[in-house]
Amino acid sequence: MKKTLLSFSPIIVAVITMLIPAPEGLSPHAWYFFAIFLGCVVGLILEPLPGAAVGFIGVAVIALFANYVLFSPEQLAEPGFKSANKAFEWAVSGFTNSTVWLIFGAFMFALGYEKTGLGRRIALILVKSLGKRSLTLGYAIMIADVALSPFTPSNTARSGGTIYPIISNLPPLYGSKPNDPSMKKIGTFLMWTAIASTCVTSSLFLTALAPNLLGISIATKTTGITITWMEWFYAAAPACILLVIITPFLCYMFCPPEIKSGDAIPDWAATELKKLGGLTAKEVLLLVFVVIALMLWIFADKYVAAALVGMLVISAMLLCKVITWNDILSNKAAWNTFAWFATLVALADGLSKVGFVDWFGGLMGAHINGFSPIMVMVILTIVFYLLHYFFASTTAHATALLPVILGAASHVPGLDMHTFLLILLPTLGLMGIITPYGTGPSPVYYGSGYLPSKLWWLLGLVFGLLFLVVWLVIGVPWVLFIA
């Protein structure tokens, strides 16, 4: 019974919402669109089906009933207006979105790291070099995440798929076992450092977290403003680099390992590196391609679109056989994310298209108009951050809340939307720390047995507030200064 209710909950929510009369000032078709959108958000949170399937079904249903949901009576009355064609164009619009293609390209970078073994080699080298002391081992984990993050938009793949398999071998070397008092020896410290590190790096780089790119796309659709890779990094760098520096130390202080030093971990890493052998030609090629991509993203964004850079690097990897076409075809995570985000971009765009965002923004704007633009930006950022407690997915969070938050901000006189985007969007990575379900790799570390539920919620509250305070005290003033 419970499973059946879970499966039908998105439909139930959508139907109940539709039966409620449209609020004053909002047209019925916009309210019906919101009802289906809300059902999709519930589906993304509860996941009776995979997220991509929920988005795909939502877009298909809206396109089918476009005359009642997507288009106003005035649009339908226009001479020569072909609703069927327009509905289909809207339904597939996300698949031509450049940001969606950039996400796909970055997934191929991550595939290259995995296929060549370069990601594992980087992590092992750092563990070997810095693993003699627990604190420096924490910094090795952070540095490895920083090195991989510009080219790995899935922090699940980066942290859960590359770093976790390595560090999960380390606690047993010192007799630190999961679900056991001995986990405090070193296991708890390592696992918390890893999840905290990936939340920080997910905010440092635009391409370090897929929802960052989704947020940029939603913002462009909603406001017409596009944030470049370099703009994001320049805005996020002061606060996030500070967090890169202090987070391992904070982890060392708040969940101190009982074992402070030892030779077992660097010795193990050295053995694993010997098994890998010398640097291969494909690893060298991948390093070259990665550096070229980074340089083009930073210095050539006016001449070469970021998504095209990704496509060019994929082409180079294929030509040099760093990866194969079969590798691309079999990368289910990349194709799943591509379809998922393409449909979510269309849904978020539709929310703005039917006028819901403008209506809701005006409604919220009327309640915050008494505050200064800077105070409004801070308040909305805090609200956006803390509401992540109610979401098990950063993607669902961005899809559901970003359009309405931007809509509210757009109705505040004197508020600079470009500045606000640079203040708001980088919090998407940081907020992942607050719950055991807050970001992709969280369940991996939660399930390791080294982070009991009570401890996670406590540490999540402490680090979540610390991250937010650093962003508000360092990040916000810096963005206002450079704006």
Side-chain angles (χ1 to χ4, degrees), residues 106-107 109-114 117-131 134-170 187-213 232-233 236-237 239-252 255 265 269 286-287 290 294 394 426-433 438-446 448 450-451 459-460 463-464 466-467 470:
F107 263 90
F109 283 25
L111 175 62
Y113 274 117
E114 180 185 350
L118 181 61
R120 178 176 171 80
R121 185 185 296 277
I122 291 171
L124 286 171
I125 288 172
L126 288 167
V127 168
K128 177 187 174 184
S129 304
L130 301 174
S134 298
L135 179 57
T136 55
L137 180 57
Y139 278 97
I141 292 170
M142 174 63 87
I143 295 169
D145 210 303
V146 170
L148 298 174
S149 56
F151 314 99
T152 316
S154 168
N155 60 0
T156 306
R158 178 174 73 249
S159 188
T162 301
I163 293 175
Y164 175 77
I166 293 174
I167 66 170
S168 62
N169 290 287
L170 306 184
T188 297
F189 164 71
L190 292 179
M191 298 304 164
W192 187 253
T193 302
I195 187 61
S197 296
T198 205
C199 289
V200 172
T201 61
S202 292
S203 282
L204 179 58
F205 301 106
L206 172 60
T207 44
L209 184 70
N212 291 346
L213 295 153
W232 179 293
F233 177 74
C240 289
I241 289 176
L242 174 63
L243 287 173
V244 165
I245 295 170
I246 67 173
T247 294
F249 178 75
L250 290 174
C251 295
Y252 191 81
C255 42
I265 288 174
L286 181 60
L287 275 173
V290 160
L294 188 59
T394 312
T427 62
L428 285 168
L430 297 174
M431 65 178 64
I433 194 65
T439 191
S442 296
V444 176
Y445 290 101
Y446 182 63
S448 69
Y450 290 100
L451 293 168
L459 289 174
F463 277 73
L466 282 170
F467 287 178
V470 168

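Every value quoted in this text rests on a predicted model; they were computed, and no experiment measured them.
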Practice task
Show your working on side chain to side chain donor-acceptor pair (under 3.5 Å) between Thr198 and Asp145 and close with a plain yes or no.
Solution key: CA-CA 6 Å; Thr198 205; Asp145 210 303; 3.2 Å; yes

Any donor-acceptor N/O pair, [X] side chain to [Y] backbone, under 3.5 Å:
{"X": "Ser203", "Y": "Pro426", "value": "yes"}
{"X": "Tyr164", "Y": "Pro441", "value": "no"}
{"X": "Asn212", "Y": "Ser202", "value": "yes"}
{"X": "Thr207", "Y": "Pro150", "value": "yes"}

Reported [atom1]-to-[atom2] distance for the pair [X] and [Y], which is rounded to 0.5 angstrom:
{"X": "Cys240", "Y": "Phe467", "atom1": "SG", "atom2": "CZ", "result": "9.0 Å"}
{"X": "Leu206", "Y": "Leu213", "atom1": "CG", "atom2": "CG", "result": "4.5 Å"}
{"X": "Leu466", "Y": "Leu430", "atom1": "CG", "atom2": "CG", "result": "11.5 Å"}
{"X": "Leu459", "Y": "Cys251", "atom1": "CG", "atom2": "SG", "result": "8.0 Å"}
{"X": "Phe189", "Y": "Ser134", "atom1": "CZ", "atom2": "OG", "result": "6.0 Å"}
{"X": "Leu148", "Y": "Ile163", "atom1": "CG", "atom2": "CD1", "result": "5.5 Å"}

Handout entry: Trace of the side chain to side chain contact (heavy atoms under 4.5 Å, CB included) decision for Ile246 with Leu242
Key = CA-CA 6 Å; Ile246 67 173; Leu242 174 63; 4.0 Å; yes

Below 4.5 Å, heavy atoms only, C-beta onward: do [X] and [Y] meet side chain to side chain?
{"X": "Leu130", "Y": "Ile143", "answer": "yes"}
{"X": "Ile245", "Y": "Met142", "answer": "no"}
{"X": "Ser129", "Y": "Ile125", "answer": "yes"}
{"X": "Leu137", "Y": "Ile265", "answer": "yes"}

Problem - Verdict with supporting geometry, Leu451 and Thr188, side chain to side chain contact (heavy atoms under 4.5 Å, CB included) - result: CA-CA 6 Å; Leu451 293 168; Thr188 297; 3.8 Å; yes

Tell me the closest heavy-atom pair linking [X] and [Y], and the distance in Å.
{"X": "Thr247", "Y": "Ala196", "value": "CG2-CB, 3.7 Å"}
{"X": "Ser448", "Y": "Met191", "value": "OG-CG, 3.8 Å"}
{"X": "Ile141", "Y": "Ser197", "value": "CG2-OG, 4.4 Å"}
{"X": "Tyr445", "Y": "Ile167", "value": "CE2-CD1, 4.0 Å"}

Problem - Trp192/Phe463 aromatic ring centres below 6.0 Å - result: yes

Practice task
Quick one: sort the Tyr252 and Phe249 rings into parallel, tilted or perpendicular, breaks at 30° and 60°.
Solution key: parallel

Fill in the blank from the handout: Applying side-chain hydrogen bond (donor to acceptor under 3.5 Å, both in side chains) to Tyr450 and not counting sequence neighbours gives none

Handout entry: Candidate pair Ser159 and Ile195, rule side chain to side chain contact (heavy atoms under 4.5 Å, CB included), full reasoning
Key = CA-CA 7 Å; Ser159 188; Ile195 187 61; 5.6 Å; no

Exercise for the section: Starting from the C-alpha separation in whole Å, work towards a yes-or-no answer on side chain to side chain contact (heavy atoms under 4.5 Å, CB included) for Arg158 and Thr201. Expected result: CA-CA 11 Å; Arg158 178 174 73 249; Thr201 61; 3.3 Å; yes

Exercise for the section: Scan Val146, Val200, Leu204 and name whichever one has a side chain to side chain contact (heavy atoms under 4.5 Å, CB included) with Ile241. Expected result: Leu204

